[in-house]
J.: 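Take this structure first; my questions come after.
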Amino acid sequence: MKKDIVIPEVENVFIATVQEWSDDFMEKVWFAYLVNDSDFQIDGVMVVSKAFGTLDGEMKKTSLLRHAFAEIPAVSVVKIEMIEKSVLQLNNEFMVTFFIGNTLYDKKFIFKANSISEGNMEEVPILFVDGVIVR
């Protein structure tokens, strides 16, 4: 039975974090974006995020944040959430589920602890700004 289940591979859809100035915090903060760099609109998009890991020898984890988007057009981006400075030291996980046509796609994107930093930045497609990408 398991061999009959086809799990399609997610291509050209990924998560990027970008630093932007925040007037509320009066400093640069990190924002997570969902990038659809494919030729297809994605529908029924669900993003579930959390952070987890060990900090000062103690296991820490944040609550789950859930985001829903009815559709994301081809070759576009959508801002998901701000990433709090204190959770950059933890693993940041984004579970993304969406449809292309009638096919369900699902992928887990993980930014390893301390990987969201200026030293790991590259140009983010479509946004044309520097950020950290997990494919």
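The analysis underlying the following values was restricted to heavy atoms, covering all of them including side chains, and did not include hydrogens, waters or symmetry mates. Just so it is clear, the structure is predicted and the values come from calculations on it, not from any experiment.
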J.: How are the rings of F94 and F111 set relative to one another: parallel (under 30°), tilted (30 to 60°) or perpendicular (over 60°)?
T.: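 Perpendicular: the ring planes of F94 and F111 meet at over 60°.
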J.: Could you grab the distance from atom NZ of K60 to atom CD of Q89, nearest 0.5 Å is fine?
T.: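 One gets 10.5 Å once the value is rounded to the nearest 0.5 Å.
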J.: What is the distance from atom NZ of K50 to atom CD1 of I110, rounded to the nearest 0.5 Å?
T.: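 Separation between the atoms: 8.5 Å.
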J.: If we only count heavy atoms from C-beta on, is the I80 to I15 side-chain gap below 4.5 Å?
T.: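 I80 reaches I15 side chain to side chain.
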J.: Are F52 and L90 joined in one hydrophobic group, where the rule is that I, L, V, M, F, W and Y side chains link up if heavy atoms are under 4.5 Å apart?
T.: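 The answer is no; the residues belong to distinct hydrophobic clusters.
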J.: Are V134 and M95 connected, step by step, through hydrophobic side chains (Ile, Leu, Val, Met, Phe, Trp, Tyr) whose heavy atoms are closer than 4.5 Å?
T.: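 No, because V134 and M95 fall into different hydrophobic clusters, even though each may have its own neighbours under 4.5 Å.
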J.: Identify every side-chain donor-acceptor pair in residues 64-73 under 3.5 Å, counting partners at least two apart or on other chains, and give the distances.
T.:
| residue | atom | partner | partner atom | Å |
| --- | --- | --- | --- | --- |
| H67 | NE2 | E81 | OE1 | 2.6 |
| E71 | OE1 | Q41 | NE2 | 3.4 |

J.: According to side-chain contact (heavy atoms from CB on, under 4.5 Å), who are the partners of F14, at least two apart in sequence or on a separate chain?
T.: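 side-chain contact (heavy atoms from CB on, under 4.5 Å) check on F14 returns V35, D37, F109, P125, I133, R135.
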J.: Taking the side chain as every heavy atom from C-beta outward, state whether V124 and Y33 have any atom pair closer than 4.5 Å.
T.: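 No - every pair of side-chain heavy atoms lies 4.5 Å or more apart.
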J.: Scan residues 107-133 for pairs that pass salt bridge (charged side-chain N to carboxylate O under 4.0 Å, His left out), counting only residues two or more places apart or in two chains.
T.: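 Output for this query is empty, none listed.
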J.: If I compare all heavy atoms of Y105 with all of E9, which pair ends up nearest, and what's the gap?
T.: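 Smallest heavy-atom distance, with atoms named: CE2-O, 3.7 Å.
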J.: Ignoring hydrogens and angles, tell me if any N or O in the side chain of D23 forms a donor-acceptor pair with the backbone of W21 under 3.5 Å.
T.: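 It does not hold such a pair.
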J.: Please check: side-chain N/O of T62 versus main-chain N/O of A51, any donor-acceptor pairing under 3.5 Å?
T.: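 A pair under 3.5 Å: yes.
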J.: Say you draw a straight line from CG of N114 to CG of N92; how long is it, rounded to the nearest 0.5 Å?
T.: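 Between atom CG of N114 and atom CG of N92 there are 10.0 Å.
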J.: Hey, could you give me the OG1/CD1 distance between T17 and I83, rounded to the nearest 0.5 Å?
T.: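 If we round to the nearest 0.5 Å, T17:OG1 and I83:CD1 are 5.5 Å apart.
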J.: Could you go through N12 and F40, starting from their C-alpha distance and side-chain angles, then the distance that decides it, and tell me whether this counts as side-chain contact (heavy atoms from CB on, under 4.5 Å)?
T.: CA-CA 10 Å; N12 300 319; F40 305 100; over 6 Å; no
J.: Test side-chain hydrogen bond (donor to acceptor under 3.5 Å, both in side chains) on T97 and D106 and set out the steps.
T.: CA-CA 4 Å; T97 305; D106 187 55; 2.7 Å; yes
J.: Please tell me whether L127 and V47 are part of a single hydrophobic cluster in this structure, the criterion being side-chain heavy atoms less than 4.5 Å apart.
T.: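 As far as the 4.5 Å side-chain criterion goes, V47 and L127 are connected within one cluster.
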J.: For the backbone of V132 and the side chain of N120, can you confirm whether one donor and one acceptor N or O come within less than 3.5 Å of each other?
T.: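 Checked: no pair found.
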J.: Would you compute the distance between atom CG of L34 and atom CD1 of I42 and round it to the nearest 0.5 angstrom?
T.: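 Going from the CG atom of L34 to the CD1 atom of I42 covers 5.0 Å.
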J.: V29 and S22: which non-hydrogen atoms are nearest, and at how many Å?
T.: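 Result for this residue pair: CG2-CB, 3.8 Å.
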J.: Search all heavy atoms of S38 against all heavy atoms of A74 and return the closest pair with its distance.
T.: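 S38 and A74 have their closest heavy atoms at O-CB, 3.4 Å.
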J.: In terms of hydrophobic clusters joined by side-chain contacts under 4.5 Å, are V10 and V75 together?
T.: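 Linked within one cluster.
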J.: Hydrophobic cluster membership, with links at side-chain heavy-atom distances under 4.5 Å among I/L/V/M/F/W/Y: are F31 and I116 in one?
T.: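 Looking at the clustering, I116 is in the same group as F31.
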J.: Looking at CZ of F25 and NZ of K85, how far apart are the two atoms once the value is rounded to the nearest 0.5 Å?
T.: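 F25 atom CZ to K85 atom NZ measures 9.0 Å (nearest 0.5 Å).
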J.: Could you report the tightest heavy-atom contact between V18 and V129, atom names first, then the distance?
T.: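 Smallest heavy-atom distance, with atoms named: CG1-CG2, 3.7 Å.
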